[in-house]
Amino acid sequence: MDNTANKDVTVYQLYQDVSAGGVPIIIENGVPKFVAIDRVVIKDTSLPKGHQDPGESLQQTAIREVFEETGYNAKPVEYLGQFTYEVKNDVHKKNTMVTVHWFLMIVESGEAREANEETKLVRSFPLETDLSILTYENHRMFVEKAKEVIGKYLDK
């Protein structure tokens, strides 16, 4: 589906942005928990994600962003899909279509990072947690997708 259809191109400039992120899973005593962050400026609870740097693969972007935002080194093990949303800036007359590619990621090392200018708090939750703790419906959707496939990674 073309998300730029029916945009007023005489007024707004259209841009495309690519991001990647993960549903990082910590496995403690065989129990999987997903990692989420509370962000400072946006004041939300979300999964870690961010913009792709030039030359990076989507997996590299997800690895870097999860580490930068959580402090955990996590390995992408399965592609969960993508989600596109629109960011409109009326002041600068810009519409940006942001496509985020999501991965199921297994935490291999590291520890929750201290608060910084972007991340207020890093938390982990059992997969069976009420997902309304996450601010965005699309983030809840990708945790649900992770729950469907995590079983094949629990014995590894």
Side-chain angles (χ1 to χ4, degrees), residues 1-4 6-8 11-26 32-147 150:
M1 179 174 158
D2 182 2
N3 291 320
T4 60
N6 302 317
K7 301 295 179 201
D8 186 352
V11 177
Y12 285 84
Q13 294 297 308
L14 301 177
Y15 295 89
Q16 176 69 39
D17 183 58
V18 176
S19 291
V23 180
I25 302 291
I26 297 172
K33 297 179 177 182
F34 72 94
V35 177
I37 59 172
D38 292 344
R39 294 190 291 180
V40 174
V41 175
I42 300 174
K43 296 184 171 111
D44 65 358
T45 300
S46 61
L47 296 171
K49 67 170 182 60
H51 303 285
Q52 185 178 36
D53 286 343
E56 273 186 331
S57 69
L58 293 172
Q59 294 95 321
Q60 290 169 326
T61 301
I63 291 166
R64 177 179 53 76
E65 288 291 339
V66 166
F67 178 73
E68 287 176 3
E69 294 184 354
T70 70
Y72 292 115
N73 294 300
K75 175 183 171 182
V77 295
E78 191 155 329
Y79 182 70
L80 297 173
Q82 66 180 3
F83 184 82
T84 300
Y85 62 96
E86 177 181 6
V87 177
K88 187 174 183 181
N89 183 321
D90 291 323
V91 172
H92 294 101
K93 302 296 183 203
K94 268 175 74 169
N95 263 19
T96 304
M97 303 309 297
V98 180
T99 300
V100 183
H101 297 269
W102 292 100
F103 294 90
L104 172 62
M105 301 175 74
I106 303 297
V107 171
E108 296 183 321
S109 64
E111 58 185 48
R113 72 171 308 111
E114 298 285 326
N116 62 23
E117 64 282 346
E118 184 177 5
T119 304
K120 181 170 114 181
L121 183 63
V122 177
R123 301 188 280 168
S124 62
F125 302 92
L127 279 175
E128 299 311 316
T129 297
D130 176 357
L131 297 181
S132 67
I133 56 140
L134 293 170
T135 303
Y136 307 105
E137 176 60 37
N138 69 83
H139 290 213
R140 294 190 286 270
M141 176 179 72
F142 285 104
V143 172
E144 289 291 348
K145 286 185 176 195
K147 286 165 67 170
I150 189 63

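Just the heavy atoms: all of them, side chains too, but no hydrogens, waters or symmetry mates, feed the values below.
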> Which pair of non-hydrogen atoms, one from Ala62 and one from Phe103, has the smallest distance, and what is that distance?
Replying inline: CB-CD1, 3.8 Å
> Which pair of heavy atoms, one from Gln52 and one from Glu56, lies closest together, and at what distance?
Replying inline: NE2-O, 2.6 Å
> Can you pull the salt bridge (Lys or Arg N to Asp or Glu O under 4.0 Å) pairs that have at least one residue in residues 99-120, sequence neighbours excluded?
Replying inline: none
> Can you tell me how far NZ of Lys75 sits from CD1 of Ile25, rounded to the nearest 0.5 angstrom?
Replying inline: 15.0 Å
>> Applying the side-chain contact (heavy atoms from CB on, under 4.5 Å) criterion to Lys49, which one of Val100, Ile37, Val66, Thr61 satisfies it?
In response: Val100
> Tell me, do Thr70 and Thr119 make a side-chain contact under 4.5 Å, heavy atoms counted?
Replying inline: no
> Taking atom CG of Leu104 and atom NZ of Lys145, what is their separation to the nearest 0.5 Å?
Replying inline: 12.0 Å
> Would a distance-only check, ignoring hydrogens and angles, find a side-chain to backbone donor-acceptor pair under 3.5 Å from Glu65 to Glu69?
Replying inline: no
>> Please check this pair: side chain of Thr99 against backbone of Thr84, looking for a donor-acceptor N/O pair closer than 3.5 Å.
In response: no
> What's the spacing between Met141 CE and Leu134 CG if we round to 0.5 Å?
Replying inline: 12.0 Å
> Counting only N and O atoms by type, is there a donor-acceptor contact under 3.5 Å from the side chain of Asn89 to the main-chain atoms of His92?
Replying inline: yes
> Sub-3.5 Å donor-acceptor pair from the side chain of Arg39 to the main-chain atoms of Ser46, do we have one?
Replying inline: no
>> I want to check something: taking the side chain as every heavy atom from C-beta on, are Val35 and Pro48 in contact at a cut-off of under 4.5 Å?
In response: no
> Going through the distances and angles, do His101 and Val18 end up as a side-chain contact (heavy atoms from CB on, under 4.5 Å)?
Replying inline: CA-CA 8 Å; His101 297 269; Val18 176; 3.9 Å; yes
> Got a second to check how far Tyr12's OH is from Asp90's CG, nearest 0.5 Å?
Replying inline: 3.0 Å
> Taking only residues at least two apart or on different chains, which pairs with a member in residues 91-103 satisfy salt bridge (Lys or Arg N to Asp or Glu O under 4.0 Å)?
Replying inline: none
>> Show every ring pair (Phe, Tyr, Trp, His ring centres under 6.0 Å) that has at least one partner inside residues 122-147, sequence neighbours left out.
In response: Phe34-Phe125, Trp102-His139, Trp102-Phe142, Tyr136-His139
>> Using the side-chain contact (heavy atoms from CB on, under 4.5 Å) criterion, which residues pair with Lys147? Sequence neighbours excluded.
In response: Leu127, Glu128, Val143, Glu144
> In Å, rounded to the nearest 0.5 Å, how long is the span from CZ of Arg64 to OG of Ser57?
Replying inline: 10.5 Å
> Atom CZ in Phe67, atom CE in Met105: separation rounded to 0.5 Å?
Replying inline: 12.0 Å
>> Run Val40 and Asn116 through side-chain contact (heavy atoms from CB on, under 4.5 Å) and show every step you take.
In response: CA-CA 8 Å; Val40 174; Asn116 62 23; 5.7 Å; no
> For Ser19 and Leu58, which heavy atoms make the closest approach, and how far apart are they?
Replying inline: O-CD2, 4.3 Å
>> For residues 38-58, which residue pairs pass the ring pair (Phe, Tyr, Trp, His ring centres under 6.0 Å) check, not counting sequence neighbours?
In response: none
> Which atom names give the shortest non-hydrogen contact between Ile63 and Ala74, and what distance separates them?
Replying inline: CG1-O, 3.6 Å
> Do Thr45 and Leu121 touch side chain to side chain, with heavy atoms closer than 4.5 Å?
Replying inline: no
> How would you list, by chain and number, every residue that makes a side-chain contact (heavy atoms from CB on, under 4.5 Å) with Asp130, sequence neighbours excluded?
Replying inline: Ser132
